[in-house]
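Take a look at the structure below.
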Amino acid sequence: MDTISDKLPDVESVRGLFSLAGKVALVTGSGSGLCRAIAWGMACNGADIAIVDRDGKAAATCAAELRNGTGRHIESFQADVSNESEVANAVSGALETFGHIDVLLNGAGHNIRKPLVEFTQAEFDSLMQVHVRGAFFFCRAIAPGMRERKSGSIINVASIAAFVGIREIAPYSAAKAALLQFSRAFALEMAPFGVRVNAIAPGFIDTPLTRQHSTEKRRKIEEISPTGRFGGADELIGPAIFLASDASSFVTGTSVVVDGAWSAQ
Ligand SMILES: NC(=O)c1ccc[n+]([C@@H]2O[C@H](COP(=O)([O-])OP(=O)(O)OC[C@H]3O[C@@H](n4cnc5c(N)ncnc54)[C@H](O)[C@@H]3O)[C@@H](O)[C@H]2O)c1
């Protein structure tokens, strides 16, 4: 049996707990919104980044922004995360460019808001495909390399809609709940190999996705939010860096809720 040491870690290793220096992160959906902010935050903390988005122009713009702003090695790849061959191309492109991937953040997604009885099968399927199948494709392509190197962090962007009921987004909620449970179960498989799998569950964050709400709806959301406001995309940076870095070395199979106490009500 290992002897337990009471020796405290040295000062430098504690100060560097949140550093991503020398790490490579692949971030899907980072052409816009909260994943763009997360990719920026990771690059600011020392990571090189593969930006992946189905909007190739947005991905390239974000890559240029991050490269110019941080001096890190940043490349963009166009892929629809629900398309198996496009995912395979993006992953092989990222591996050719960077050699390996330490952090995978699955954040690409969209939402469709209306009463459940008005959903078409295609709309329902599109939500499952982007949120669940997309994460599956990227995990299946990237996790074997992490397992071999006995290190890696996978972060799936779920939502508080995975925990609490929110009207008129039942298929989105089901997809996010599936993604959360996918993360937990996959964490068990990867734990013996030193690879961690977690989810981030944001509440209402001000991004192009939530700017689709009418002014009236946004006002109502603010009124019932304990903080009285939407979260900022930049407020996801800290939680994502925590999960990506050694600061969360014993955190796996769980989720970090970032919702300004919305789900505490
Ligand atoms: N904004 C919120 O309040 C909120 C709350 C909880 C969870 N989320 C989740 O966070 C993630 C990012 O949302 P956001 O608010 O930043 O939205 P956003 O619309 O600003 O950004 C989403 C990005 O994903 C890309 N994308 C969409 N479908 C794709 C696909 N099939 N393949 C590749 N790229 C695709 C889009 O092109 C876009 O760049 C989503 O998974 C969303 O469900 C957002």
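Counting starts at 1 for both ligands and their atoms, following the listed order. The model shown is predicted, which means the values in this text are computed figures rather than measured ones.
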(request) Using non-hydrogen atoms of the residue, decide whether A79 is closer than 4.0 angstrom to ligand 1. (result) yes

(message) Counting only heavy atoms, tell me which of G107, A108, A161 gets closest to atom 12 (C) of ligand 1.
(response) G107

(request) May I ask which of G203, G231, A233, G134 has a heavy atom nearer to atom 4 (C) of ligand 1 than the others do? (result) G203

(request) Could you tell me whether Q129 approaches ligand 1 through its side chain, its backbone, both or neither, with non-hydrogen atoms closer than 4.0 Å? (result) neither

(message) So that I can tick it off, tell me whether E12 and R15 are bridged by a salt bridge, with the cut-off set at under 4.0 angstrom between side-chain N and carboxylate O.
(response) yes

(request) Examine the proximity of ligand 1 to Y172 and report which part, side chain or backbone, both or neither, has a heavy atom under 4.0 Å away. (result) side chain

(message) For R219, is there an ion pair with E216 - N to carboxylate O distance below 4.0 angstrom?
(response) yes

(request) Kindly confirm or rule out an N or O of S82 lying under 3.5 angstrom from an N or O of ligand 1. (result) no

(message) Looking at E235 and R229, is there a salt bridge between them, counting it only when a charged N and a carboxylate O are closer than 4.0 Å?
(response) yes

(message) Considering both backbone and side-chain atoms of K176, is one of its nitrogen or oxygen atoms within less than 3.5 Å of a nitrogen or oxygen in ligand 1?
(response) yes

(request) Could you tell me the residue and atom name of the protein heavy atom closest to atom 3 (O) of ligand 1, and the distance to it rounded to 0.1 Å? (result) I205 N, 2.8 Å

(request) For ligand 1, indicate whether the residue A201 contacts it via side chain, backbone, both or neither (heavy-atom separation under 4.0 Å). (result) neither

(request) Please say whether D80 places an N or O atom under 3.5 Å from an N or O atom belonging to ligand 1. (result) yes

(message) Measuring from non-hydrogen atoms of H131 to any atom of ligand 1, is the shortest distance under 4.0 Å?
(response) yes

(message) If the contact criterion is a heavy-atom separation under 4.0 Å, does D53 count as touching ligand 1?
(response) yes

(request) Could you tell me whether D206 and R218 have a side-chain N and a carboxylate O separated by less than 4.0 Å? (result) yes

(message) Strictly below 4.0 Å, N to O, side chains only: are E84 and R140 in salt-bridge contact?
(response) yes

